[in-house]
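Inspection log for the structure reproduced underneath, given as structure tokens.
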Amino acid sequence: MARGEPKTLESLMPRVLARLAGESGRASSLTPLWTAAVGENIARHSRPHQLEGTTLIISVESAEWAQVLSRQEDSLRERLNEKLGPGTVKTLVFQLVPR
């Protein structure tokens, strides 16, 4: 069996975190990837809460943030999937959880 090039830990980590989040249902392990994908400003007001299949539920601190992020769903999902792998997250759901 032929082997490809060795993978770096950095390249494997996002998929490992996504698998852990999927198996446990808790998406808090995805917080560093969420921050890297969306930026510090958005991450201050939102965080991954739960991964249900290919649906990632994001907790947001206000209805305004839920509305803003809903309008950006396609680009946010695309940036997340660049890190997690194609099709890992197909839907983002934003739920209000005041901090």
Side-chain angles (χ1 to χ4, degrees):
M1 178 181 268
R3 293 184 132 173
E5 290 294 314
K7 306 273 186 196
T8 65
L9 183 58
E10 183 178 354
S11 70
L12 293 173
M13 210 49 181
R15 287 193 173 95
V16 169
L17 292 174
R19 185 172 179 179
L20 288 172
E23 289 174 0
S24 70
R26 296 185 195 123
S28 60
S29 62
L30 297 177
T31 300
L33 298 172
W34 174 253
T35 301
V38 304
E40 291 288 332
N41 186 45
I42 290 174
R44 273 193 297 274
H45 304 282
S46 61
R47 66 186 179 280
H49 176 70
Q50 191 168 356
L51 183 62
E52 297 176 350
T54 58
T55 300
L56 181 59
I57 299 169
I58 304 295
S59 297
V60 295
E61 66 181 30
S62 69
E64 291 81 9
W65 273 104
Q67 188 174 39
V68 166
L69 296 180
S70 290
R71 288 192 301 257
Q72 297 178 32
E73 180 184 353
D74 291 341
S75 69
L76 296 173
R77 189 179 59 248
E78 187 176 301
R79 288 186 277 174
L80 270 174
N81 284 327
E82 285 175 5
K83 299 191 175 303
L84 296 171
T88 302
V89 175
K90 293 184 179 175
T91 307
L92 292 173
V93 174
F94 303 98
Q95 75 179 23
L96 182 61
V97 179
R99 291 185 178 183

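We're numbering straight along the sequence, starting at 1. Small disclaimer: the values here were computed from a predicted structure and weren't measured.
Under the rule for a ring-ring contact (aromatic ring centres under 6.0 Å, His included), Trp34 has no partner lying at least two apart in sequence or in another chain. A search for side chain to side chain contact (heavy atoms under 4.5 Å, CB included) contacts involving Thr35 returns Thr31, Glu40, Ala43, not counting sequence neighbours. Every residue meeting the side-chain hydrogen bond (donor to acceptor under 3.5 Å, both in side chains) condition with Glu64, not counting sequence neighbours, appears here in chain and number order: Ser62. Residues passing the side-chain hydrogen bond (donor to acceptor under 3.5 Å, both in side chains) test with Arg77, sequence neighbours excluded: Glu73, Asp74. Every residue was checked against the side-chain hydrogen bond (donor to acceptor under 3.5 Å, both in side chains) condition with Gln67, not counting sequence neighbours, and none meets it.
Pro48 approaches Ile58 most closely through the heavy-atom pair CA-CD1, 3.8 Å. Contact between Glu61 and His45 at its shortest, heavy atoms only, is OE2-ND1, 2.6 Å.
In this structure, OG on Ser75 lies 10.0 Å from CG on Leu80, to the nearest 0.5 angstrom. Atom NE2 of His49 sits about 11.5 Å away from atom CG of Leu51, to the nearest 0.5 Å.
Side-chain contact between Pro86 and Asn81 is absent, with no heavy-atom pair separated by less than 4.5 Å. At least one side-chain heavy atom of Leu92 sits under 4.5 Å from a side-chain heavy atom of Leu76. Between Thr88 and Lys83, every side-chain heavy-atom pair lies at or beyond the 4.5 Å cut-off.
Here ring pair (Phe, Tyr, Trp, His ring centres under 6.0 Å) pairs that include residues 68-94, with residues two or more places apart or in two chains, number zero.
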Could you give me the CA-CA distance, side-chain angles and deciding distance for Leu84 and Leu30, then say whether side chain to side chain contact (heavy atoms under 4.5 Å, CB included) is met? CA-CA 9 Å; Leu84 296 171; Leu30 297 177; 4.0 Å; yes
Show the numbers, then the answer: is there a side chain to side chain contact (heavy atoms under 4.5 Å, CB included) between Gln72 and Ile42? CA-CA 11 Å; Gln72 297 178 32; Ile42 290 174; 3.9 Å; yes
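Between Thr91 and the options Thr55, Leu56, Ile57, a side-chain contact (heavy atoms from CB on, under 4.5 Å) holds for only Thr55.
Arg47 places no side-chain N or O within donor-acceptor distance of the main-chain N or O of Ser59, the cut-off being under 3.5 Å.
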